[in-house]
2 protein chains.
Amino acid sequence: MGRKTEDTPEIAASSLKELDAATSLKVAEVFKVLGDMTRIKLLALLSSADMRVSDIAGALGMGQSAISHQLRVLRGARLVKFRKEGKEAWYSLDDDHVVKLMCQALDHVSHG
Amino acid sequence: MGRKTEDTPEIAASSLKELDAATSLKVAEVFKVLGDMTRIKLLALLSSADMRVSDIAGALGMGQSAISHQLRVLRGARLVKFRKEGKEAWYSLDDDHVVKLMCQALDHVSHG
DNA sequence: CTCCTGTATGAGCATTTGTGCAAATGTTTT
DNA sequence: AAAACATTTGCACAAATGCTCATACAGGAG
């Protein structure tokens with residue numbers, strides 16, 4: 001049977017009590033990167049298909065420079081990766097953690 | 001101790017493709033609230049015990065005003081709730097979505 | 001009532017952030 | 001070689017953010 005997205009994080013909830021400053025910072029950094037509507041829409045796009053920079057810019061109705069800037073941020077957080085094909089850059093989600101996180105957040109806002 | 005054990009059926013990953021602007025904004029707003037180290041440490045504290053404002057301020061080594069401001073933000077995102085007992089305000093996590101989200105993010109940064 | 005405690009709120013300020021513009025880099029075609 | 005194309009990068013600037021300070025609000029004790 002088709003399995004849905006795994007809803008059991010490998011990290012136990014009890015580990016939250018022992019969050020040191022460095023780890024808290026890293027966690028906050030990931031969330032900060034996700035805390036922007038442009039980047040959310042961008043990641044949602046990439047969840048269905050790999051895309052080039054200009055594709056994303058067109059789909060979101062934004063400048064190509066802005067998208068490139070955002071993709072750099074997303075790359076820095078290891079949320080997206082890309083491969084170069086000639087003069088084009090194809091972007092895709094880095095792993096499925098991204099999707100899990102977004103679904104959890106979607107779950108949260110939907111229950112309001 | 002009746003915390004909701006309501007195992008919320010996770011939202012399918014396919015819903016991400018259909019994210020409209022309003023929903024993207026809400027999702028981004030939740031992440032934006034989580035994208036701050038002070039608030040992360042604060043939520044981590046609340047994951048193990050309910051606390052008063054002054055308790056949190058003491059534990060984080062910050063001013064009471066700063067914590068109160070942050071708690072307002074967290075309340076606005078429905079990530080924490082509080083009950084008033086006399087002149088004290090006891091804060092707690094609003095639901096277990098918060099813990100799930102943080103564990104997912106912890107999972108992500110740990111695999112780096 | 002007054003005083004003290006716990007919390008909330010508003011103003012001010014320094015820092016960060018997202019975007020557009022323009023120039024630079026790199027790749028393919030002519 | 002140049003020109004066209006796709007993407008990246010540096011700069012600038014408005015808008016947003018987090019903290020501190022001071023003040024206001026509310027409950028309990030004397």
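Here is how names work: the chains are called A, B, and so on, in the same order as the sequence lines, proteins then strands, and each is numbered from 1. All values reported here derive from a predicted model rather than from experimental measurement.
Backbone-only engagement by Ser54(B) is indicated by non-hydrogen atom pairs under 4.0 Å involving sugar-phosphate atoms exclusively. Contacts of Lys84(B) with the nucleic acid, taken as non-hydrogen atoms under 4.0 Å apart, are absent.
Here dT16(C) presents its P atom at 13 Å from CG of Asp36(B), a figure rounded to the nearest Å. Put simply, CG on Leu74(B) is 13 Å from C1' on dG18(D), counting in whole angstrom units. Rounded to whole Å, atom P of dA8(C) lies 12 Å from atom CD of Glu88(B). Rounded to an integer number of Å, the gap from Ile56(B) CD1 to dA8(C) P is 10 Å. Atom NZ of Lys41(B) and atom C1' of dC19(D) are 14 Å apart (whole Å). The distance from atom CZ of Arg52(B) to atom P of dA8(C) is 13 Å, rounded to the nearest whole Å. Between Ile67(A) atom CD1 and dT19(C) atom P there is a gap of 7 Å when expressed in whole angstrom units. When the P atom of dA8(C) is taken as reference, atom CE of Met62(B) falls 15 Å away, rounded to whole Å.
Along DNA chain C, the nucleotide closest to Arg72(B) and the one closest to Gly86(A) are compared, and the more 5′ of them pairs with Arg72(B). Both Val73(A) and Phe82(B) lie near DNA chain C, and the one whose nearest nucleotide falls closer to the 5' end is Phe82(B).
The side chain of Ala66(B) approaches dT20(D) more closely than any other nucleotide in the set dT7(D), dT20(D), dG20(C).
In this structure, Arg75(A) forms a cation-pi arrangement with Phe82(A), its terminal cationic atom sitting closer than 6.0 Å to the ring centre and no more than 45° off the ring axis.
At least one donor-acceptor pair closer than 3.5 Å links the side chain of Ser24(B) to the backbone N or O of Asp20(B). His108(A) places a side-chain N or O within donor-acceptor distance of the main-chain N or O of Ala77(B), the cut-off being under 3.5 Å.
Classified by interplanar angle (parallel below 30°, tilted 30° to 60°, perpendicular above 60°), the ring pair Phe31(B)/Phe31(A) is parallel.
Evaluation of atom-type donor-acceptor distances gives no pair under 3.5 Å for the side chain of Gln64(A) against the base of dA6(D).
At the phosphate of dA6(D), neither OP1 nor OP2 sits under 4.0 Å from any side-chain N or O atom of Tyr91(A). Distances shown here put every side-chain N or O of Ser65(B) at or beyond 4.0 Å from the OP1 or OP2 atom of dA22(D). Put simply, Gln70(B) has a side-chain N or O that comes within less than 4.0 Å of OP1 or OP2 on dC19(D).
One distance of note links CG of Leu34(B) with CG of Leu43(B); it measures 6.5 Å at 0.5 Å rounding.
The aromatic ring of His69(A) does not stack onto the base of dT17(C), failing the criterion of a centre distance under 5.5 Å from the six-membered base ring together with planes under 30° apart.
The side-chain heavy atoms of Asp36(A) and Gln70(A), taken from C-beta on, include a pair separated by under 4.5 Å. Considering only heavy atoms from C-beta on, Leu101(A) comes within 4.5 Å of Leu101(B) through its side chain.
Direction change of the helix axis from one end of the helix from dC1(C)-dG30(D) to dT30(C)-dA1(D) to the other is 10°, with five pairs defining each end axis (rounded to 10°).
A salt bridge is defined here as a Lys NZ or Arg NE, NH1 or NH2 lying under 4.0 Å from an Asp or Glu carboxylate O, and Asp50(B) with Arg83(B) meets this definition.
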